[in-house]
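Some notes on the structure that comes next.
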Amino acid sequence: MIFEPIDIEISKLSCERDDRLLFKNLSMTLNPGQILRVAGPNGAGKTTLLRTIAGLFDIQTGTIRMNQLPLKECLEQILYIGHKPQVTKDLTVLDNLKFLTGSDDDHLKRALSDVGLKGYHDSLVKELSQGQGRRCALARLWCVKAPIWILDEPYTALDVEMVKTLDTRITWHSAAGGICLFTTHQPPQSLKYTTLELDHVT
Amino acid sequence: MSLERRMLTRELKLNVARPGEIFKPMWFLILVVSMLPLALAPDSDLLSEIGSAMIWVATLLALLLNTEHLFQSDFSDGVLEQWLFLNRPLAWLVGLKLIAHWLFHVLPLILITPIAGIMLSVPTDVLWALLVTLVIATPALTCFSGLGAALTLGSSRSGILGVLVMMPLFVPIVILAAGVLIRAMDGSDTLPLLALLGAFSVVAATVVPIAVSAAIRLNIGGSN
Amino acid sequence: MGWRWFHQWGSPRWFYERAGRWQLVCGRLALTLLITGSLWGLAFAPIDYQQGNSYRIIYLHVPVAFLAQALYAAMAVCAVVLFVWKMKLADVAMQSIAIMGFAFTALSLISGAVWGKPTWGTYWVWDARLTSMLILAFLYLGVIGLRAAIQDPDQAGKACGILVLVGVVNLPIIKYSVEWWNTLHQPASLKLTEKPAMPASMWIPLLINILGYYVAAAYLILGSMRAIVLERERRSAWVRELVSRA
Amino acid sequence: MLEFQFASLAAFFEMEPHGVYVWPIYGLGLLVLGGLTLDNVRQHRRAVRMIQRNLEREETHEL
């Protein structure tokens, strides 16, 4: 599957939180196929930047446009996975994914086997280990058609094998013309990406 | 499957998984109602006079306690913020959640009020009026207490603040419902008041979800 | 043309500096009016032939009750300004008004109750006006409590704004429903639209005191807003400069 | 119009028979207005002091 060309244009974005200036006059354009790692020390505003681009935080100053349209009109183009589990403990793996993605059972089961959760579709999320829960949340990457991925620390709690699987998935996504923004503290080995150092923005 | 159906199925499955959430308020209602004769007197004339009002207040409290954490678990799981990407207005999704909450939590509560009525020897025709007022008034109550829950979502030490904050807004509903019960006791016409209550619920159900969605968006914007 | 004026209100620094002067004017004016009005009401206004001297409580009760209601409306206006123009000062005003509003509501409830004792023989009756005042107090308390529960001031302000707006839409409904529920209270003693039945020597001091309490509320709100502005803007250059000069 | 309504100053403070109701209310009113004024002053002073402390801390930090 190839995505329609999409770009994100960020201009003069500034953000202040709890009286701290996190970033100022941040301008950049993300083009189809781009993989961008947002890097910086703790508290540099990585999560804030990702959540702002995902439309979860109000933009304080500056603009974000996707294909020339304001951000608010393009939210369904975005897949955002944050720190929080994004899954409900009392529901089964399949029910969780079904609610968030709307895909059919066969599609979801295939996605689950891709992330190594084959046969787990009937388990409640609370019965899974932490890493498995994380895989369940990430399984959405295998069944959602959104061209823009915003992943906050996607590698946390993943084993080596799953890290590799995720890298491959992101590479495919980029090859299909999708955009991926992510943060991580363990730079992935098998992924080609550009880096945005948040401390040097100001 | 449409998003609306997905949402309602999810709520249904969640409630099947957590049956305690449905039974706790019922338990509370029956407990409060059984405390009344103990605190007052086992005199059935006295009880039947104040019983219906007492049941109304007890149901109101049970509903409030139950609605207080309406969005809490979805919020802390991070599922609530995913609602913003679902290609539907947030207020619409909030409305669906409130409808599901009313169906799975409030309606069962209303259905056991006849038991409470029998315990307090409330006359049958008043009991009918009580049931009807509850069915008509609870949508508005659910909406307002949902707003309380959404406003206090981001604060960890809010306690029952959401309930306290919304309580004054319940005044007109309680007054109208009391009017219905009084009229039912003298056997006069309750229809105009019921219509007014119904209008209140309809307006609340259309307007309050917008405020709730604003409150939710606000709390998502403030959490890290 | 009005935009420059409007933008000034968006500037905390501009407000802080001007408000200090306004506060001074308001404080003096309020003091003069309140001393005049209260002394007149207490000592020189003729005695009410039905209620005796206890009626002299109205020179405090009526202005305070007016204020309690007006301040909620003022808070709602601030909420609208906050949401429409994202003006932070409106949020500061909302925070100050909530506290003052609650104080005046409580004062009007207490003074009403104490007036009720010699007049009707009881401190509290569940009549329409007392009840809706009590509910108003709960509404104010809710706004104060909600702000206290949320740490981030911007977020707290917006949450309070939502609550205030929902409250102000409900306020007339609450009032009518409570009135319908019980209409035992005596009719309003002072109506703005018609000439009051009291002699002039009775209502002139009342008018002076009403004005006095309004100006006093303005004084208190400005003072509290100045303190809040200073605290919220503590990182900005102008506050640092101001403090280090002092 | 401006005629003192009481026989003596003592009668004024007595305010037969309602002095016990009237005076405490005016006292309370004074207390509320005065208390709020004082609280504003206190809050303002506290803000100033906090900012001063922050400034001092920054200065020592830079040295």
Heavy-atom proximity to chain C below 4.5 Å, by part of D:Val48 | both

Between C:Leu230, C:Asn53, C:Leu220, the one whose heavy-atom pairs under 4.5 Å with chain D are most numerous | C:Asn53

Quick one: which of C:Met100, C:Lys117, C:Arg240 has the most heavy-atom pairs under 4.5 Å with chain D, could you say?
-> C:Arg240

Using non-hydrogen atoms only, which part of C:Phe104 is less than 4.5 Å away from chain D: side chain, backbone, both, or neither?
-> side chain

For C:Leu107, is it the side chain, the backbone, both or neither that has a heavy atom under 4.5 Å from a heavy atom of chain D?
-> side chain

Is it true that atom CD of D:Gln52 has more than 12 heavy atoms of other residues, nucleotides or ligands lying nearer than 6.0 Å?
-> yes

Below 4.5 Å, heavy atoms only, C-beta onward: do D:Leu33 and C:Leu34 meet side chain to side chain?
-> yes

With a 4.5 Å cut-off on heavy-atom pairs, point out which of C:Glu231, C:His61, C:Arg56 contacts chain D the most.
-> C:Arg56

Among residues 133-146 of chain C, which ones touch chain D with a heavy-atom distance under 4.5 Å?
-> none

Can you list the steps and then say if D:Gln43 with C:Ile228 is a side chain to side chain contact (heavy atoms under 4.5 Å, CB included)?
-> CA-CA 8 Å; D:Gln43 213 177 331; C:Ile228 298 168; 4.1 Å; yes

Where D:Ala47 and C:Ala227 come nearest, the two heavy atoms and their spacing | CB-O, 4.2 Å

Turns out that what part of D:Ile25 lies under 4.5 Å from chain C's heavy atoms comes down to both

Find the one option among C:Ser111, C:Ala30, C:Ser244 whose heavy-atom pairs under 4.5 Å with chain D are most numerous.
-> C:Ser111

What distance separates D:Asp39 CG from C:Ile99 CD1, expressed to the nearest 0.5 Å?
-> 7.5 Å

What distance do C:Thr119 atom OG1 and D:Tyr21 atom OH have between them, rounded to the nearest 0.5 Å?
-> 9.0 Å

Top contributor to chain D contacts, counting heavy-atom pairs under 4.5 Å, from C:Pro118, C:Gly223, C:Ser96 | C:Pro118

When D:Asn40, D:Thr37, D:Leu36 are each screened for side-chain contact (heavy atoms from CB on, under 4.5 Å) with C:Ser224, the one that passes is D:Asn40

Are any non-hydrogen side-chain atoms of D:Phe6 and C:Leu42 less than 4.5 angstrom apart?
-> no

